[in-house]
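Here's the structure, in structure tokens; my notes come after.
Throughout, protein chains are lettered first and strands after them, A, B, ... in sequence-line order, and every chain is numbered starting at 1. These values consider heavy atoms only, across backbone and side chains, with no hydrogens, waters or symmetry-generated copies.
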Amino acid sequence: MNIKISTWNVNSLKVRLPQVLDWLREQQPNILALQETKLTDPDFPTLDIANSGYQVVFAGQKTYNGVAILSRLPASEIITDLPGIDDPQRRVLGATIGGIRVINLYVPNGQAVGSDKYAYKLAWLEALTGWLGNELVQHPRLIVLGDFNIAPEDRDVHDPAAWAGQVLCSTAERAAFQRLLGLGLTDTFRLFPQETGSFSWWDYRAAAFRRNLGLRIDHILASPVLVAVCTACQVDKAPRHLERPSDHTPVIAEFNLDSH
DNA sequence: ATGGTGGTTAGACCA
């Protein structure tokens with residue numbers, strides 16, 4: 001059985017719901033992790049999503065952040081916080097779906113190197129890494145995906161010189177990303193040949209998408225057991241071309257669960 | 001020209 005696991009920072013699910021429902025119909029993913037839903041839980045469009053044939057779990061708040069996981073199969077073992085961090089910001093959603101442990105992340109943006117938000121981002125990533133080590137031991141079939149707000153390498157940046165040392169590309173952020181990989185996770189996108197200039201986010205300003213001035217900051221990481229059966233990973237740029245798009249576009253990884 | 005767009009929400013804050 002080939003399954004598609006996907007992630008998309010929608011920058012307001014209220015605005016983007018029609019695009020998400022269209023995309024589900026077109027792509028038929030087994031799992032879609034959403035970030036920046038920007039909805040409180042009572043406002044979450046559970047019924048519209050159920051009518052599209054998907055179950056959903058979510059953790060939201062007013063105005064900012066908010067994560068959700070849509071899936072064909074039911075979710076269990078749901079967590080909404082990083083252990084050891086008391087954080088009102090809704091940035092984490094973990095669930096077990098069809099025997100796969102899925103951790104959906106909206107990593108803090110960090111605003112600017114040296115800012116309070118940057119320190120919060122690094123502390124958050126440290127707590128995440130400590131916890132994921134344990135998750136990997138408990139769940140051999142583990143996926144960690146979402147908006148990481150980190151471009152791991154220069155080839156993930158349209159202008160590495162201009163971005164050198166800036167937030168999303170700084171040495172400390174990239175080192176934190178490498179520590180996640182060091183746990184035994186793999187960036188599935190780099191398992192496969194990719195076009196030069198493959199990005200997942202483009203600033204709304206300065207016609208950045210038209211000029212492909214982007215960064216690859218949305219990722220799908222997989223544990224060794226799932227890496228062994230990963231058959232594809234790609235960015236789907238189509239939704240970024242739509243009227244009133246999110247500034248991010250979906251990333252999709254495929255796994256052949258019969259091939260091991 | 002040191003900005004620029006967009007979402008939320010009603011003046012900023014966040015990205």
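Set against B/dG6, B/dC14, B/dA15, the side chain of A/Glu36 has B/dA15 as its closest nucleotide. Taking every side-chain heavy atom of A/Lys14 into account, B/dT8 is the closest of B/dC14, B/dG6, B/dT8. Listed nucleotides: B/dA15, B/dG7, B/dT8. Nearest to the side chain of A/Arg244: B/dG7. Of the candidate nucleotides B/dA15, B/dT8, B/dC14, B/dA15 has the atom nearest to the side chain of A/Arg91. In this structure, the nucleotide among B/dC14, B/dG4, B/dG7 sitting nearest to the side chain of A/Ala206 is B/dG4.
Residue pairs meeting the side-chain hydrogen bond (donor to acceptor under 3.5 Å, both in side chains) criterion with at least one member in residues 123-137 of chain A, sequence neighbours excluded: A/Arg101-A/Glu135. Residue pairs meeting the salt bridge (charged side-chain N to carboxylate O under 4.0 Å, His left out) criterion with at least one member in residues 84-98 of chain A, sequence neighbours excluded: A/Asp81-A/Arg90.
B/dA10 and B/dT2: their C1' atoms are spaced 28 Å apart (whole Å). With P as the reference atom, B/dC13 and B/dA1 are 28 Å apart, rounded to whole Å.
Other members of the hydrophobic cluster containing A/Leu13, listed by chain and number, are A/Trp8, A/Val10, A/Leu17, A/Val20, A/Leu21, A/Trp23, A/Leu24, A/Leu32, A/Leu34, A/Leu39, A/Phe44, A/Ile49, A/Tyr54, A/Val56, A/Phe58, A/Leu70, A/Ile252; membership follows side-chain contacts under 4.5 Å among ILVMFWY residues, whether direct or relayed.
Computed from coordinates, the A/Ile150 CD1 to B/dA15 P distance equals 14 Å when rounded to whole Å. Spacing between atom CD of A/Gln61 and atom P of B/dT8 amounts to 13 Å, rounded to whole angstrom units. For the pair A/Asp247 CG and B/dT8 P, the computed distance is 12 Å after rounding to whole Å. Remark: P of B/dC14 and CZ of A/Arg205 are 15 Å apart, rounded to the nearest angstrom. Rounded to an integer number of Å, the gap from A/Gln89 CD to B/dT8 P is 17 Å. Computed from coordinates, the A/Gln111 CD to B/dC13 P distance equals 11 Å when rounded to whole Å. A/Asp147 places its CG atom 17 Å from the P atom of B/dC14, with the value rounded to the nearest Å. Atom CG in A/Leu242 sits roughly 14 Å away from atom P in B/dG6 (whole-Å rounding).
The distance from the CH2 atom of A/Trp202 to the NE2 atom of A/His248 is 10.0 Å, given to the nearest 0.5 Å. The structure places CD of A/Glu173 at 3.5 Å from NZ of A/Lys121, a figure rounded to the nearest 0.5 Å. A distance of 7.5 Å separates CD1 in A/Ile5 from CG in A/Leu145, rounded to the nearest 0.5 Å.
Heavy atoms from other residues, nucleotides or ligands lying under 6.0 Å from CG of A/Asn51 number more than 12.
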**Prompt:** Dot-bracket for DNA chain B, 5' to 3', with Watson-Crick and G-U pairs under 3.5 Å, [ ] for crossing pairs and | for other-strand pairs: what is it?
**Reply:** ....((((...))))
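A/Thr63 has no side-chain polar atom (N or O) that falls below the 4.0 Å cut-off from OP1 or OP2 of B/dC13.
Against DNA chain B, the stretch residues 234-241 of chain A makes no heavy-atom approach under 4.0 Å. Taking every heavy atom of residues 151-173 of chain A and every atom of DNA chain B, no pair lies under 4.0 Å.
A/Phe209 comes within 4.0 angstrom of no nucleic acid atom, judged by non-hydrogen atoms across all strands.
DNA chain B is contacted by both A/Asn11 and A/Asn65; A/Asn11 maps to the nucleotide lying nearer its 5′ end (nearest heavy atom per residue). Heavy-atom distances to DNA chain B give each of A/Lys38 and A/His248 a nearest nucleotide, and the one nearer the 5′ end belongs to A/Lys38.
In this structure A/Asp236 satisfies the salt bridge (Lys or Arg N to Asp or Glu O under 4.0 Å) test with no other residue, sequence neighbours excluded. Every residue two or more places apart in sequence or in another chain was checked for a ring pair (Phe, Tyr, Trp, His ring centres under 6.0 Å) with A/Tyr118, and none qualifies. Shown here are the side chain to side chain contact (heavy atoms under 4.5 Å, CB included) partners of A/Gln194, two or more places apart in sequence or in another chain: A/Phe189, A/Arg190, A/Phe192, A/Ser198. Listed by chain and number, the residues in a side chain to side chain contact (heavy atoms under 4.5 Å, CB included) with A/Ala207 are A/Arg210, A/Arg211 (sequence neighbours excluded). The side chain to side chain contact (heavy atoms under 4.5 Å, CB included) test applied to A/Glu153 returns A/Arg155, A/Asp156, not counting sequence neighbours. Scanning for side-chain hydrogen bond (donor to acceptor under 3.5 Å, both in side chains) contacts around A/Thr186 gives an empty result, with sequence neighbours left out.
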